[in-house]
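In each ligand, atom 1 is the first atom listed, and ligand 1 is the first ligand listed.
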Amino acid sequence: MNARNSDSKKSDLKKDDLIVITGAGGFIAGALVKYFHDKGFTRIRAVDKKSLPEWYQRVPGVECLCLDLSIRGNCERVCEDATEVYNLAADMGGMGFIERFRIECLRSILINTHLIEAAYRAGAQRYFFSSSACAYNTELQKVATAHALKESDAYPAMAERGYGWEKLMSEMFCQEYWAERGFKTAIARFHNVYGPLGTWDGGREKAPAAICRKVIEAKDTGNHSINIWGDGTQTRSFMYIDDCLKGIDMIMHCDELIATPVNLGSSELISINDLVSLAENIGGVKLERDYDLDAPQGVAGRNSDNTFIRQVLGWEPNTPLSEGLKATYQWIEEQYVARKKGKRVVH
Ligand code: NAD
């Protein structure tokens, strides 16, 4: 954190303005609902296609709607009276999901296409789109030591098949709604978000949660080995959920960033092998490593170049991985124990 901070980018949003948050049954948007609620916003509309019992978290007093936003009429319904719309709804998951279900990932284009039009027509003041580091040119990520990605590295385009192309196209919608119609849009390229209340089992989980779960399982079963996707040398950076929420708020309310994609990620690079060691240290165990070279593993190396976000916001995601992973590990362990006892848990 240096000189300029969030205080210099105050939002003109009033506490009783209607905020619409989509994907709210999932990880990040669910936490975003709570974030705005805790900040004192009184009118929040949370939307997801999942049925309510499947939502990861629900905040008392928040309007919750279960609607499929790939359908235009539903987008019109949810944007009624909205002042701000945050689009975090997408069919997505970790590498195992996005490499296997490219069509489902591509189909999320319908959500953004209908939602941005509905938000514009409803007279909303601002629109947020959750893009991804998967929008970056994959050619630049072929070695573990690849340079950190700066915003201009998305072009010439060669995004991740399926998921990444959908993100890139949806970004373009946001840019053109500003260019042609003067609609204020914000675009953040998230880099691997993790934390408590995230997906930790079932096939859509990402590396930090999957690794914590495997360490917990190994300890519990006494089978002291761990299956690792790839050879473990792949590198990534991981952003703690609290940083993600703060970043969304700051990016959405910064006029210098209108219609301008910006990285929202940590720049603390780590290999998957070292991530496993970190989880082992937290769990107080050492495991035999079994590398699955045929498993999905994504690009060889990816990090977030935070020069631009630092320059504009005077801030970047800064929760140390060791700290965030500890909180995540403890939460997953609680879920694991609760599930063993037959209790209902978040996946
Ligand atoms: P998530 O899967 O936990 O949440 C997404 C939610 O969208 C789900 O609850 C899902 O039911 C909902 N959804 C899907 N299709 C829908 C539809 N047609 N109508 C209504 N709701 C629908 O994912 P997340 O990790 O919270 O990600 C939120 C956003 O951030 C997504 O756009 C994702 O692509 C993006 N993102 C996430 C990460 C990450 O590391 N988690 C990284 C980059 C980008």
Side-chain angles (χ1 to χ4, degrees), residues 20-35 45-58 64-75 77-78 86-95 97-98 101 104-115 118 128-136 149 159-160 162-168 170-171 174 187-210 236-241 243-245 247-248 261 263-266 298 302 304 317 324 328 346-347:
V20 172
I21 301 176
T22 72
F27 172 39
I28 304 173
L32 191 64
V33 169
K34 183 164 186 310
Y35 171 90
R45 181 177 291 153
V47 190
D48 202 288
K49 71 173 177 186
K50 292 194 291 210
S51 66
L52 287 178
E54 290 177 273
W55 289 32
Y56 289 4
Q57 51 180 321
R58 280 175 58 196
C64 297
L65 299 178
C66 300
L67 292 169
D68 183 343
L69 295 169
S70 62
I71 297 167
R72 187 173 146 190
N74 289 342
C75 291
R77 158 77 184 87
V78 308
Y86 294 78
N87 178 18
L88 289 96
D91 225 341
M92 67 90 61
M95 278 325 296
F97 182 85
I98 66 174
F101 298 109
E104 275 71 13
C105 291
L106 281 169
R107 217 178 260 137
S108 295
I109 192 99
L110 292 172
I111 303 174
N112 193 65
T113 307
H114 292 318
L115 197 66
F128 178 89
F129 177 64
S130 52
S131 187
S132 164
C134 291
Y136 282 113
L149 295 160
E160 188 91 40
Y163 182 69
W165 281 101
E166 186 277 316
K167 292 296 188 193
L168 208 54
S170 291
E171 285 189 359
C174 294
I187 307 157
R189 291 188 184 139
F190 297 171
H191 291 245
N192 296 309
V193 190
Y194 74 99
L197 287 151
T199 312
W200 62 281
D201 202 1
R204 288 184 189 245
E205 65 279 14
K206 300 198 155 205
R236 291 291 186 279
S237 71
F238 299 98
M239 169 170 56
Y240 193 57
I241 182 70
D243 288 335
C244 181
L245 303 176
I248 292 172
N263 278 333
L264 184 54
S266 161
R302 176 184 289 158
S304 178
T328 309
V346 162
H347 278 285

For the backbone of Ser266 and the side chain of Ser237, can you confirm whether one donor and one acceptor N or O come within less than 3.5 Å of each other? yes

Between His191 and ligand 1, find which residue part has any heavy-atom pair under 4.0 Å and reply side chain, backbone, both or neither. neither

What do we get for Lys167 next to ligand 1 when only non-hydrogen atoms under 4.0 Å count, side chain, backbone, both or neither? side chain

The one among Cys75, Ser131, Ala90 that brings a heavy atom closest to atom 7 (O) of ligand 1: Ala90

How are the rings of Phe238 and Tyr194 set relative to one another: parallel (under 30°), tilted (30 to 60°) or perpendicular (over 60°)? perpendicular

Test your reading of the model: is there a side-chain donor-acceptor pair from Ser130 to the backbone of Asn87, 3.5 Å cut-off? yes

Proximity flag Leu67 to ligand 1, non-hydrogen atoms under 4.0 Å: yes

So, Tyr163 and Ser108: side-chain donor and acceptor under 3.5 Å apart, yes or no? no

Part of Ile111 with heavy atoms under 4.0 Å of ligand 1, whether side chain, backbone, both or neither: side chain

Mind checking whether Asp68 contacts ligand 1 via backbone (N, CA, C, O), side chain (CB onward), both or neither, at a 4.0 Å heavy-atom cut-off? both

How about Tyr136 and Asn263: does a side-chain donor come under 3.5 Å of a side-chain acceptor? yes

Side chain to side chain donor-acceptor pair (under 3.5 Å) filter on Ser170, not counting sequence neighbours, yields Glu166

I'd like to know if Trp55 contacts ligand 1, where contact means a heavy-atom distance under 4.0 Å to any ligand atom. no

